[in-house]
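Worksheet: one structure, shown below.
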Amino acid sequence: MDFLIQLFDKTIIGMIYSYFYHNMHNNMSEIKIICLAGATGSGKSALAAKLGHELDGVVINADSRQFYADFPIITAQPGPDETALCPHLLYGCLPATQKMSAGQYAQKASACIDEVLRQGKIPIVTGGTGLYFRALMHGIADIPPVPREVRQKWQEQCRELGSHALYDSLRNLDPDYAAKIHPNDRQRITRAMEVAEATGKNLTWWHQSQSGKRDLRYLYLGLGATLKELEPVLRRRIDVMLDNGALEEAKAALRHCADPKAPGWSGIGCAELFRALAGELTIGEAKDLWYKNTRAYAKRQLTWFRGEPDLRWIEKDNYNGILRMIKNLTITQG
RNA sequence: GCCGGGGUAGCUCAGUUGGUAGAGCAGUGGACUGAAAAUCCACGUGUGGGCAGUUCAAUCCUGUCCCCCGGCA
């Protein structure tokens, strides 16, 4: 009996030891890139720029909206204060008519990371788009682009027949994926249908054959902030953005692209100001809606990041602690 | 003061030939594999303005009082 207990103990100790051993070797030492996530308004941009300055790093965008060139103010892209501190990549480089995607992002960001590492600097990937972080760090299925006609066809089908009808078809084509999503989820249902038609393989097949996973040694940090803390910040930020010319920015963007359905216009703040400019809402109503949507978005982000197993929460007030942790874990020679 | 409309969930409102009520939005939690600032899911006890009356039973009918909106004075 004693023998068995001893054996059991040894096994447990062995498991614990190997867990830490692997963690130390795979995640903790030789960290080469820093990922800084957090809800909108939590102060990522300022912190990232400061860290970039301190550590000789380069900030790389991980925010789907901050790609859009027409909306630097409304999407809270890093301003002169930040860009003066260190180089910033992948900000403000997309026209409102063009779409970004998680796969495209992973490729672009990956290329940027390689370049930054080649320069012997530290990539600091910063943003609020959880899916982009995941695509970058864990890879994403290597699905070829779906032709526009195919995509449009399924969107129309969904509109005409309803999502439930398409869901029934999907259950035949891809029962496993259908089981994971809801019959009301038009976006995921149409996506599954278009991929199946365009590639001849269903999404489950693609997800299982996932490639593009890189062996990135990353430190995944989440800037902690509760919704309660964020609320006043987000409320105030809207006024600050308007003072800084958000409305003029939207007007100017309208000259480049007047289609409210264009990818660039779907951002929070952009959509509300578009409706205000169209006379559909007063500025006051637009502001209220803008705030509501921003708050709801921050809440969704918190839900996402809370569920990320390898994310470590950090406190914004503890700058020196953050710096010390990063320096301990980072080998800078690239 | 008179006439009319109204007071129902945090907000906007629906409904009940009288059998104690439900949508949207908001809120909370959650999901998330190429639109992700997107898309979607789950969660609904509220002195039905107060009081009194009719009734087996009132949020609904009657009376009365209070409050809001519009019109007339």
Side-chain angles (χ1 to χ4, degrees), chain A residues 37-41 61-68 71 74-77 94 96-109 127-148 150-152 154-155 158 163-164 167 174 176-177 179-192 194-195 198-199 202-213 226-228 231 234 237-238 241 261-273 285 288-308:
Chain A
T40 184
N61 176 29
D63 193 302
S64 68
R65 294 292 125 188
Q66 292 182 345
F67 274 92
Y68 288 102
F71 303 107
I74 303 174
T75 64
Q77 291 172 31
L94 208 63
T97 49
Q98 216 169 306
K99 204 173 64 184
M100 195 60 199
S101 75
Q104 233 178 307
Y105 173 76
Q107 276 184 357
K108 275 182 193 278
T129 305
L131 181 61
Y132 284 11
F133 279 114
R134 197 178 281 173
L136 175 66
M137 296 185 287
H138 300 302
I140 189 162
D142 198 15
I143 303 172
V146 174
R148 253 238 315 259
V150 177
R151 194 179 172 75
Q152 276 173 356
W154 287 107
Q155 280 172 357
C158 189
S163 64
H164 288 242
Y167 184 78
D174 192 349
D176 291 332
Y177 189 63
K180 285 186 201 158
I181 63 178
H182 194 275
N184 289 350
D185 198 338
R186 311 161 142 266
Q187 204 170 92
R188 292 194 173 82
I189 294 167
T190 49
R191 166 73 183 156
E194 74 190 27
V195 168
T199 67
N202 67 26
L203 265 185
T204 300
W205 186 89
W206 282 110
H207 292 166
Q208 280 166 358
S209 73
Q210 180 147 6
S211 66
K213 180 164 179 168
T226 64
L227 251 193
K228 277 277 161 292
E231 277 168 3
L234 298 176
R237 195 173 67 167
I238 289 173
M241 284 177 179
K261 291 206 191 97
W265 276 107
S266 65
I268 295 168
C270 306
E272 291 81 355
L273 288 181
E285 288 166 340
D288 284 348
L289 234 195
W290 183 353
Y291 170 72
K292 264 200 276 194
N293 290 335
T294 308
R295 187 191 180 283
Y297 167 53
K299 191 168 129 45
R300 266 178 277 136
Q301 286 178 303
L302 290 175
T303 302
W304 178 289
F305 293 126
R306 220 181 277 140
E308 289 293 85

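Everything numeric here is computed off the predicted structure, so don't read it as measured data. Only this structure's heavy atoms are used, side chains among them; waters, hydrogens and symmetry mates stay out. Per chain, numbering begins at 1; letters A, B, ... match sequence-line order.
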Near-parallel close stack of A:His207 and B:U33 base (under 5.5 Å, under 30°)
yes
Between atom CH2 in A:Trp205 and atom C1' in B:U33, what is the gap in whole Å?
15 Å
Would you say B:A35 has OP1 or OP2 under 4.0 Å from some side-chain N or O of A:Ser101?
no
Once you apply the 3.5 Å cut-off to both distances, tell me the Watson-Crick or G-U wobble partner of B:C2, or none.
B:G71
Under 4.0 Å, heavy atoms only, any strand: does A:Lys292 hit a base, just the sugar-phosphate, or nothing?
sugar-phosphate
When rounded to whole Å, the CH2 to C1' distance for the pair A:Trp206 and B:U33 reads 13 Å
Would you please confirm or rule out a distance under 4.0 Å between OP1 or OP2 of B:A37 and any side-chain N or O of A:Thr129?
yes
Tell me whether the OP1 or OP2 atom of B:A35 has a side-chain N or O from A:Arg151 closer than 4.0 Å.
yes
RNA chain B: A:Arg295 or A:Gln107, which has the more 5' nearest nucleotide?
A:Arg295
Which is true for A:Asp63 with a 4.0 Å heavy-atom rule: it touches a base, it touches only sugar-phosphate, or it touches nothing?
base
Which nucleotide sits closest to the side chain of A:Asp185: B:A31, B:U39, B:G34?
B:U39
Rounded distance in Å - CG (A:Asp176) to P (B:C32):
15 Å
Is the distance from the ring center of A:Trp265 to that of A:Phe71 below 6.0 Å?
yes
Between atom NE2 of A:His182 and atom CZ of A:Arg188, what is the distance when rounded to the nearest 0.5 Å?
12.0 Å
Rounded distance in Å - CD1 (A:Ile189) to P (B:C41)
10 Å
Considering every strand shown, what is the Watson-Crick or G-U wobble mate of B:A23 when both distances are under 3.5 Å?
B:U12
Quiz question: going by heavy-atom distance under 3.5 Å, is there a donor-acceptor pair between the base of B:U33 and the side chain of A:Arg134?
no
Test item: side-chain donor near acceptor, A:Arg237 and A:Thr40, under 3.5 Å:
yes
If you assign each of A:Arg186 and A:Gly128 to its closest nucleotide in RNA chain B, which residue comes earlier from the 5' end?
A:Gly128
Quick one: which of B:A35, B:A37, B:G34 gets closest to the side chain of A:Ile143?
B:G34
Nearest whole Å is fine: how far is B:U33 C1' from A:Glu308 CD?
12 Å
Please indicate whether A:Gln152 has more than 12 foreign heavy atoms, meaning atoms of other residues, nucleotides or ligands, lying under 6.0 Å from its CD.
yes
Measuring from A:Lys292:NZ to A:Glu272:CD, what's the distance to the nearest 0.5 Å?
10.5 Å
Any base atoms under 4.0 Å from A:Tyr291, or only sugar-phosphate, or nothing? Heavy atoms, all strands.
nothing
Return no unless some side-chain N or O of A:Arg300 is found under 4.0 Å from OP1 or OP2 of B:A37.
no
Any base atoms under 4.0 Å from A:Thr40, or only sugar-phosphate, or nothing? Heavy atoms, all strands.
nothing
Base, sugar-phosphate, or nothing: which does A:Leu227 touch, judged by heavy atoms less than 4.0 Å apart?
sugar-phosphate
Does A:Tyr132 make a side-chain N or O approach to OP1 or OP2 of B:U33 shorter than 4.0 Å?
no
Among B:G34, B:C40, B:U33, the one nearest any side-chain atom of A:His182 is B:C40
Counting side-chain heavy atoms from C-beta on, which of B:U39, B:C41, B:C32 comes nearest to A:Asn184?
B:C41
Between B:A35, B:U33, B:A37, which nucleotide has the shortest distance from any of its atoms to the side chain of A:Gln187?
B:A35
What does A:Arg306 touch in the nucleic acid at a heavy-atom separation under 4.0 angstrom: a base, only the sugar-phosphate, or nothing?
sugar-phosphate
Establish, with yes or no, whether the OP1 or OP2 oxygen of B:U33 is under 4.0 angstrom from a side-chain nitrogen or oxygen of A:Arg191.
no
Indicate the ring-plane relationship of A:Phe133 and A:Phe305, choosing parallel, tilted or perpendicular according to the 30° and 60° boundaries.
perpendicular
Closer than 4.0 Å, any side-chain N/O of A:Lys299 to the OP1 or OP2 of B:G29?
yes
Distance, nearest 0.5 Å, that separates CG of A:Asp176 from CD of A:Gln208:
7.5 Å
Figure out the CG/P separation between A:Asp288 and B:U12, and round it to whole Å.
14 Å
